[in-house]
Amino acid sequence: MLLNFKEVVETHQEKVRNICFRYVKDVQDAEDLAQEVFMQVYESFEQFRNEAELSTWIYRIAVNKSIDFNRKKVRKKRFGQIVSLFGFKEEGEIMIADKGKEPHKKIEDEERKKILQEAIDKLPDNQKTVIILNKYEGFKNKEIAEIMKISVSAVDSLMHRAKKNLHDMLYKYYDGRVLNI
């Protein structure tokens, strides 16, 4: 099977960017990671053994690169905190206003999203991966199993534990109030 690399990129780049963005939460970083994913695909295409779908292989690379990026970012942030103790300032975040919604609703929605995302970020990597791939990217459990190279029952188990952990974290955060998230 001979594929045109340009077609491979065009077919999968939006999904790869979305996967990366779900992990890194920054458009530019997601774009950079997506480029890295396709560079790796290009460089290691001869190693692809058709044991899984090409898309599965590409998405697995995207997940792995995103997880690695976040791990490096955490290490860099820790180093940055040490540096800031010695008088250096960290860069601030730029916030962009969302127009078209009532301000209090927008604030409530953003707060809920932030709390949920923080809870997802606290999950172990494998649980976080199944949540992102299923709930945000719409992959079926069988596809997730192929991407993660685990069984479908392992995906089911990870999903169950991830939901339980999210429930526990959110319940604790909201101190037992009923949520409509």
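Bear in mind that the values here come from a model prediction, so they are computed numbers and not experimental data. One-based numbering along the sequence shown.
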### Message
Please give me the minimum heavy-atom distance between V130 and M159, naming the atom from each residue.
### Response
O-CE, 3.5 Å
### Task
Side-chain contact test, heavy atoms from C-beta onward, threshold under 4.5 Å: evaluate it for K106 versus D109 and give yes or no.
no
### Query
Any ion pair linking D168 and K164 (charged N to carboxylate O, less than 4.0 Å)?
yes
### Query
Is the shortest heavy-atom distance from the side chain of E36 to the side chain of L33 under 4.5 Å?
yes
### Task
Please collect all salt bridge (charged side-chain N to carboxylate O under 4.0 Å, His left out) contacts where either partner lies in residues 132-156, sequence neighbours excluded, each pair once.
R22-E137
### Query
Does one hydrophobic cluster hold both F69 and I147, with members joined at side-chain heavy-atom distances below 4.5 Å?
yes
#### Entry: Which atom of L170 lies closest to which atom of A119, heavy atoms considered
CD2-CB, 4.2 Å
### Query
Do M169 and L123 come close enough that some side-chain heavy atom pair is under 4.5 Å?
yes
#### Entry: Residue pair A30 / R17: nearest heavy atoms and the distance that separates them
CB-O, 3.9 Å
### Message
Quick check: do I120 and Y136 have side-chain heavy atoms less than 4.5 Å from each other?
### Response
yes
### Query
Mind checking what makes side chain to side chain donor-acceptor pair (under 3.5 Å) contact with S55, not counting sequence neighbours?
none
### Task
Please indicate whether E10 has more than 12 foreign heavy atoms, meaning atoms of other residues, nucleotides or ligands, lying under 6.0 Å from its CD.
yes
### Query
Mind checking whether I131 and Y173 sit in one hydrophobic cluster, side chains of I, L, V, M, F, W, Y counted as touching below 4.5 Å?
yes
### Message
Could you check whether any side-chain N or O of N126 sits under 3.5 Å from a backbone N or O of L158, counting only pairs where one atom can act as donor and the other as acceptor?
### Response
no
### Message
So F139 and V155, do their side chains get closer than 4.5 Å, heavy atoms only?
### Response
no
### Task
Indicate yes or no: at least one non-hydrogen side-chain atom of V37 is less than 4.5 angstrom from one of H12.
no
### Query
Quick one: does S66's side chain have a donor or acceptor within less than 3.5 Å of a partner on A62's backbone?
yes
### Query
Linking I/L/V/M/F/W/Y whenever their side-chain heavy atoms sit closer than 4.5 Å, directly or via other members, would V9 and F21 fall into one cluster?
no
Can you give me every donor-acceptor pair (side chain of residues 38-48, partner residue at least two apart or in another chain, under 3.5 Å) with its distance?
from	atom 1	to	atom 2	distance (Å)
Q40	OE1	K65	NZ	3.2
S44	OG	Q40	O	2.5

